[in-house]
S.K.: 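After the structure tokens below, expect a handful of questions from me.
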Amino acid sequence: PHRDRSRRHPLSIHTNQPAAPPRSKRVAGFVVLAVLTAAYLVWLASLTLGQQPKAAGSLLLTLTETLAQWPPTAWANYSVLEFTANVVMFVPVGILWVLWFSTRATARVADQPQRWITRWWMAVPLGLAMSAFIETAQALFLPDRYSTVSDLIANTLGAFVGAAMTIVIVRWVQGRR
């Protein structure tokens, strides 16, 4: 006799989620993400916890002078560019936070698929904590560096922008599937 396959056994678990990728792909993704995270943290530490990089300051000064020559961009003074650079420098914090907590393994362990999306905002306190650590270390141990509240605000904003941007992109990609 013909079996009705539209009805499923009441004890089986069925979700609308696509099957998880094979273990080898998940492990490879984890390794790539771990390497990217380590590389970013090393770069961030070398940029913020060492001597003031002369190239970065001279680049911002050159850019400020160039932008000042054209009236529509004359408003972009050194402070604006430095703030913007600090925002951009912390965007990867938000991106990496969302990527770390968007893995299917994390969602399946929590037994609530996509729960990580509701926690994207936690990149903001992480960015704030990282920035507070950096600014405190600069104030205590690096006399040639300037620790400012505007850096703390810009870095935290960067983590927020990175997380929000990643969530928008992830949802857009998921919506296209």
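Count residues from 1 along the sequence.
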S.K.: Is the shortest heavy-atom distance from the side chain of T48 to the side chain of M130 under 4.5 Å?
M.R.: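 Answer no - side chains too far apart.
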S.K.: Give me the one residue out of N155, L44, L142 that meets side chain to side chain contact (heavy atoms under 4.5 Å, CB included) with I134.
M.R.: L44
S.K.: Tell me, with the steps shown, if W97 and F160 meet ring-ring contact (aromatic ring centres under 6.0 Å, His included).
M.R.: CA-CA 10 Å; W97 175 267; F160 169 78; over 10 Å; no
S.K.: To the nearest 0.5 Å, what is the distance between CG (L152) and CD (E135)?
M.R.: 6.5 Å
S.K.: Check step by step if side-chain hydrogen bond (donor to acceptor under 3.5 Å, both in side chains) holds for Q138 and S147.
M.R.: CA-CA 6 Å; Q138 287 178 349; S147 179; 5.0 Å; no
S.K.: What's the separation between atom OH in Y78 and atom CD in E65, rounded to the nearest 0.5 Å?
M.R.: 11.5 Å
S.K.: Shortest non-hydrogen contact from A76 to T64?
M.R.: O-CG2, 4.0 Å
S.K.: Side-chain contact test, heavy atoms from C-beta onward, threshold under 4.5 Å: evaluate it for L96 versus L33 and give yes or no.
M.R.: yes
S.K.: Work out which heavy atom in F83 is nearest to a heavy atom in S150; give both atom names and the distance.
M.R.: CE1-O, 3.6 Å
S.K.: What heavy-atom pair brings A123 and G94 nearest, and what distance separates the two atoms?
M.R.: CB-CA, 3.9 Å
S.K.: For F141 and P143, work out which heavy atoms get closest and say how close.
M.R.: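 In terms of heavy atoms, the two residues are closest at O-CD, 3.5 Å.
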S.K.: Could you give the distance from OG1 (T166) to CZ (R171), rounded to the nearest 0.5 Å?
M.R.: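 So the gap between those two atoms works out to 12.5 Å.
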S.K.: Say whether W120 and I169 are linked into one hydrophobic cluster, either directly or through other cluster members, by side-chain heavy-atom distances under 4.5 angstrom.
M.R.: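 Same cluster: W120 reaches I169 through Ile, Leu, Val, Met, Phe, Trp or Tyr contacts under 4.5 Å.
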S.K.: Do you know the tightest heavy-atom contact between A159 and V93?
M.R.: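 That would be CB-CG1, 4.0 Å.
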S.K.: Which pair of non-hydrogen atoms, one from R145 and one from L49, has the smallest distance, and what is that distance?
M.R.: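 Reported closest heavy-atom pair: NH1-N, 4.5 Å.
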S.K.: Any donor and acceptor pair, going by atom type alone, linking the side chain of T73 with main-chain N or O of W70 inside 3.5 Å?
M.R.: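 Yes; at least one donor-acceptor contact below 3.5 Å.
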S.K.: Out of curiosity, M89 CE to N86 CG, how far, rounded to the nearest 0.5 Å?
M.R.: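 If we round to the nearest 0.5 Å, M89:CE and N86:CG are 4.5 Å apart.
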S.K.: Would you say V80 and Y146 are hydrophobically clustered, going by side-chain heavy atoms of ILVMFWY under 4.5 Å?
M.R.: no
S.K.: Aromatic rings F30 and W100: how do their planes relate, parallel, tilted or perpendicular, breaks at 30° and 60°?
M.R.: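 Perpendicular.
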S.K.: Hydrophobic cluster membership, with links at side-chain heavy-atom distances under 4.5 Å among I/L/V/M/F/W/Y: are I167 and L99 in one?
M.R.: yes
S.K.: Just wondering, do L81 and L67 contact through their side chains at under 4.5 Å, heavy atoms?
M.R.: yes
S.K.: Return the CZ to CE distance between F101 and M122, rounded to the nearest 0.5 Å.
M.R.: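 Here the rounded value is 7.5 Å.
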S.K.: Does some side-chain heavy atom of F90 sit less than 4.5 Å from a side-chain heavy atom of L157?
M.R.: no
S.K.: Under 4.5 Å between side-chain heavy atoms, counting indirect links through other Ile/Leu/Val/Met/Phe/Trp/Tyr residues: same cluster for L36 and V91 or not?
M.R.: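 Different clusters: L36 never reaches V91 through Ile, Leu, Val, Met, Phe, Trp or Tyr contacts under 4.5 Å.
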S.K.: Does one hydrophobic cluster hold both V98 and V88, with members joined at side-chain heavy-atom distances below 4.5 Å?
M.R.: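 Result: no, two separate clusters.
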